[in-house]
Structures are given as C-alpha cells and as structure tokens.
Amino acid sequence: MPELPEVETVKRGLRGLVVGKTIKSVSFDWPGSKPGEYLCYCGGSDSGHIVAFSRLGMRDTSRLDKPQSDSAQNSPVNTQHHQAYSKSFPNAQTDVETFLIDSSIKLVRRRGKALIIELDSNYSLVIHLKMTGQLVYRAEGVAFGAGHPTESLVGELPDKSTRVTFTFTDEANLFFNDQRKFGWVRLLPSIEVDNLDFFKKLGPEPLSADFAAKDFCERIKRRNKSKIKAVLLDQTVIAGIGNIYADESLWAAKIHPETLAGKISDQKLNSLYKELVAVLRLAIEKGGSTDKNYVTAEGKKGSYLTFAKVFRREGESCSRCGSIIEKTRVASRGTHTCPSCQKKVTS
DNA sequence: CACTTGACCTGTCCGC
DNA sequence: TGCGGACAGGTCAAGT
C-alpha cells in the first residue's frame, strides 16, 4: 500500500482540492451490507469514533485507543462529545451529524503513513489506507486519485471497493476506496488525535529537518537482534517505511536484508540513512510509486516503480553488477535483493 | 522483555 | 474453465 511517499502525494493533492470545502453529507454504504454494520463507535472511556471501518472494528473494540491526556478529558470539545452520545451505536451518527456534516476542512497533513484532515469543528478525520486504500477526488472537470493502484482510481465511482463517500456543498466527492478493508477512517476530537496508540508509538519522520543520521543509527541499533529489514518496517523505529522503500534503500546501501541490525557498521548505517532519504525524496518527486492507473492532481501518472532498482524486478539484471535479482521472504514479506551486491554478514 | 508469526480481507495470478 | 493455494506496498495481538 501507500508508504510515506504515496501518502505524501495524497496529502499534497488533496490540500489544493479540499481545503476550505464544506462537507454536505457522508455515506458509508458497503455493498451487500447493512450500513450500520460498518459504523462503529466505542464510547465511554474509549475514544474510537469511527466513521467507517472494517469489521475488525466491530469485532474487537479493545483495539481502539483510549484518551490519555487530562487536557483532552477536560476540554470543552471533549465534554461536548461525551455529552453528544453514549455507548450505543446510533449516537455515533449524532457525532457525525454534529462534528462532520456542515464542517469545513481546515488543513490536510500526514504523519507516517496516516492522513489527518482537520475540520473547523475541532474534530479530525484520521485515515489509514493500509494495503489497498485509496482516496479519489472527483469534481466537475477535476479528477485526482492516489493510493493503491487499481482501476478505481480512474473508473466510475462509487464502485464495489468504495467504503466511504464524502460529498461537499459544491457537489464534489471524495471517495475512500479499499479493496481489502484493512484501512480505516476515524472521526475524533482533534485534541485526541495524538493520543491514538498508532501516533503515540510512531517513530520520527525520516524527512523532517531535525532528524539526522545519528538519530537514525541510534534508533536502529536499539533493535540490534532483529533483521535490518524488520527494523526498517517497524513503524515505532522510523515512521513511514514500507516494503518498497525498505528493499530499495537496502539495495542502494548494499546491505543484505537479513543482516542483524547490530552487525551493521556505522559506515553502512550512515549509508543506509542517506540512501533511504534519497529514495523517499525521489519517490515523492515522482508522485509516488504506483505504476499504473495512478493520476496526480495534474493528471500525470506516478512513475516511481519505473525507477525501482530491485522491487518487483526479480529475474532482471542488477543495474549495478548485472547479477540476477532474487526474490525471497524476509520478516514474512516478499523481499528483493541482488545476491552479489548484498552479501549476508554472519559474523 | 525482545522478537516473530498469524490474522485481518478481497482479488488476482499461477500451476494442475 | 475450474479449483486450490500463494501472495499482495500494513498493522496489531498473540505466540515463542
């Protein structure tokens, strides 16, 4: 799914399209299901205010995050929302009606692989696309879509993968599509966004100005007994890295993905940091990694995968040494390596 | 505790 | 063409 560069692309595209717009209505219909089945609210001391969610959310509300900060508990907004409904599901509808409908979008931002849409109601929509999520904006003469590459990015919407549709007062639509239903959209008080477990545990942004090579090395080394690929994929270590950019940066730094983090020299770790930042920046510049059906705000297709050196290039020649790129499994994920450039360090 | 594995879903592709 | 199984750019809970 969308990793950091793809979510960044979504953010940049939506910023110019939806900021200032007012939400007129929202629908959660899931074809073949009762709408209410996917509208979940976990009330009381829990704060998972879910607009749309996979059945995962209905099955196990303990996965929803609890509000922690006193300021959140005592804030007017929080008091208001606790007054707005109780534990029962129909009140989630009240929340949607009170804090989503007729609210305007103030800003769109990204943290890790999650997207945050702040509303002028002091509530926010937090969206995670997981493996197959996508956001598609459609208005008269304007089309923008980014995320998992499928026909839904360019086809007629809503379709069978559409989970949520936001309609603005000017009749433009924003579709949240997700084939595999892993993704989620939550509506919750803005002040509680940072209290979601996902954000509390999330590591630093690799592209932020105050994140340096020494921070990178120090955080990686804390996981010295893990395979480096697993460490890169761990969102609590560094935010936003997924399978593509883990493989690409390890190839660029000539590190075998199964190398234990503690066995990698400082020089190699510095190289990995440099290559990771470079590959993320390149991908953002190219508009994300999707290689088909992907459309940016200007209607261009994303092109990153055409520049990928190893990802989904098994059987092809390594551009550096000519060896045949291999595909294996590391950390339970498909993994692409050059057997000559990336030697396993065993001692 | 640190670390790894399986489950969550749907769709597609590949071998028989 | 049909069927079974593996697999897909992520994350969390449960397992070792």
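Lettering of chains follows the sequences in order, A, B, ..., and the numbering in each one begins at 1.
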**Student:** I'd like to know if A/E285 and A/R281 make a salt bridge, using a cut-off of under 4.0 Å between side-chain N and carboxylate O.
**Tutor:**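 No.
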**Student:** Measure from NZ on A/K229 to C1' on B/dT5 and round the result to the nearest Å.
**Tutor:**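 For the pair A/K229 NZ and B/dT5 C1', the rounded distance is 16 Å.
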**Student:** Please confirm whether the shortest side-chain N or O distance from A/K225 to OP1 or OP2 of B/dC3 is below 4.0 Å.
**Tutor:**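 For B/dC3, OP1/OP2 do not have a side-chain N/O of A/K225 under 4.0 Å.
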**Student:** Tell me what A/K327 touches on the nucleic acid: a base, only sugar-phosphate, or nothing, going by heavy atoms under 4.0 Å.
**Tutor:**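 Counting heavy atoms under 4.0 Å across all strands, the contact made by A/K327 is with sugar-phosphate only.
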**Student:** For A/G240 and A/Q235, which heavy atoms make the closest approach, and how far apart are they?
**Tutor:**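 What the structure gives for the nearest pair is N-OE1, 2.8 Å.
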**Student:** Between A/S249 and A/L232, which heavy-atom pair has the shortest distance, and what is it?
**Tutor:**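 Smallest heavy-atom distance, with atoms named: OG-CD1, 4.1 Å.
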**Student:** Tell me which residues in residues 232-242 of chain A lie within less than 4.0 Å of DNA chain C, going by non-hydrogen atoms.
**Tutor:**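 Close to the strand are A/Q235, A/G242.
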**Student:** In this structure, how many angstroms lie between the C1' atom of B/dG6 and the CZ atom of A/R329, rounded?
**Tutor:**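 My rounded result for the distance is 12 Å.
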**Student:** Give me the distance, rounded to whole Å, that separates B/dC1 from C/dT11 when you measure between the P atoms they each carry.
**Tutor:**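 The same atom, P, in both gives a distance of 23 Å.
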**Student:** Hey, is NZ on A/K268 packed in by over 12 heavy atoms from elsewhere, all under 6.0 Å?
**Tutor:**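 Result for NZ/A/K268: enclosed.
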**Student:** Find the distance A/M131:CE to C/dC7:P and express it as a whole number of Å.
**Tutor:**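 Atom-to-atom, A/M131 to C/dC7, this comes out as 13 Å.
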**Student:** Expressed in angstrom and rounded to an integer, what is the separation of A/D178 atom CG from B/dC8 atom P?
**Tutor:**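 So the two atoms are 16 Å apart, to the nearest Å.
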**Student:** Please state how far atom CZ in A/R333 lies from atom P in B/dG6, giving the value in whole angstrom units.
**Tutor:**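 In whole Å, B/dG6 P lies 15 Å from A/R333 CZ.
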**Student:** When the P atoms of C/dC3 and B/dC9 are considered, how many whole Å apart are they?
**Tutor:**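 Pairwise P distance, C/dC3 against B/dC9, rounds to 24 Å.
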**Student:** Could you check whether the side chain of A/R180 and the base of C/dA8 have a donor-acceptor pair of N or O atoms closer than 3.5 Å, going by distance alone?
**Tutor:**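 Looking at the base of C/dA8, it does pair with a donor or acceptor on the side chain of A/R180 (distance under 3.5 Å).
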**Student:** Please give, in whole Å, the distance from C/dA13 C1' to A/D197 CG?
**Tutor:**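 Roughly 12 Å, once rounded to whole Å.
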**Student:** For C/dG10 and A/T132 - does any side-chain N or O of the residue sit under 4.0 Å from the phosphate oxygens OP1/OP2?
**Tutor:**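 Result: no.
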**Student:** Report the residues that fulfil ring pair (Phe, Tyr, Trp, His ring centres under 6.0 Å) with A/F216, sequence neighbours left out, ordered by chain and then residue number.
**Tutor:**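 Here the qualifying residues are A/Y273.
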**Student:** Distance check needed: C/dC7 P versus A/E314 CD, whole Å only.
**Tutor:**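 My rounded result for the distance is 12 Å.
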**Student:** Using a cut-off of less than 4.0 Å, is there contact between a side-chain N or O of A/H148 and OP1 or OP2 of C/dA8?
**Tutor:**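 No.
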**Student:** Do any N or O atoms from the side chain of A/R110 and from the backbone of A/G112 form a donor-acceptor pair under 3.5 angstrom?
**Tutor:**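 Flag set: sc A/R110 to bb A/G112 pair under 3.5 Å.
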**Student:** Does C/dT11 have OP1 or OP2 sitting under 4.0 Å from an N or O in the side chain of A/K113?
**Tutor:**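 Yes.
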**Student:** Restricting to ring pair (Phe, Tyr, Trp, His ring centres under 6.0 Å), what partner residues turn up for A/F311, sequence neighbours left out?
**Tutor:**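 Ring pair (Phe, Tyr, Trp, His ring centres under 6.0 Å) list for A/F311, sorted by chain: A/H336.
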**Student:** List for me each residue that meets side chain to side chain donor-acceptor pair (under 3.5 Å) alongside A/R219, sequence neighbours excluded, and say none if there are none.
**Tutor:**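 For A/R219 there are no side chain to side chain donor-acceptor pair (under 3.5 Å) partners, ignoring immediate neighbours.
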**Student:** Counting heavy atoms from C-beta on, name the nucleotide in C/dT11, B/dT10, C/dG10 closest to the side chain of A/F198.
**Tutor:**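 So the nucleotide nearest the side chain must be C/dT11.
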**Student:** Hey, is A/F182 stacking on B/dC8? Ring centres under 5.5 Å, planes under 30°.
**Tutor:**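 By the stated criterion, A/F182 and B/dC8 stack.
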**Student:** Nearest-nucleotide wise, let me know which of A/K201 and A/F311 is further upstream toward the 5' end of DNA chain C.
**Tutor:**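 With A/F311 and A/K201 compared, the 5'-side residue is A/F311.
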**Student:** Would you mind reading off the distance between A/K160 atom NZ and B/dC9 atom P, rounded to a whole angstrom?
**Tutor:**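 So the two atoms are 18 Å apart, to the nearest Å.
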**Student:** Quick one: stems for DNA chain B, with Watson-Crick or G-U pairs under 3.5 Å, at least three in a row?
**Tutor:**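 Stems (3+ consecutive pairs) listed as B:2-8 with C:10-16, B:10-16 with C:2-8.
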**Student:** Tell me, please, which residues at least two apart from A/T236 pass side chain to side chain donor-acceptor pair (under 3.5 Å).
**Tutor:**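 Once residues adjacent in sequence are excluded, the partners of A/T236 under the side chain to side chain donor-acceptor pair (under 3.5 Å) criterion are A/D234.
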**Student:** Have A/N243 and A/K229 got a donor and an acceptor in their side chains that come within less than 3.5 Å?
**Tutor:**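 Yes, because at least one side-chain N or O of A/N243 sits under 3.5 Å from a partner of the opposite role on A/K229.
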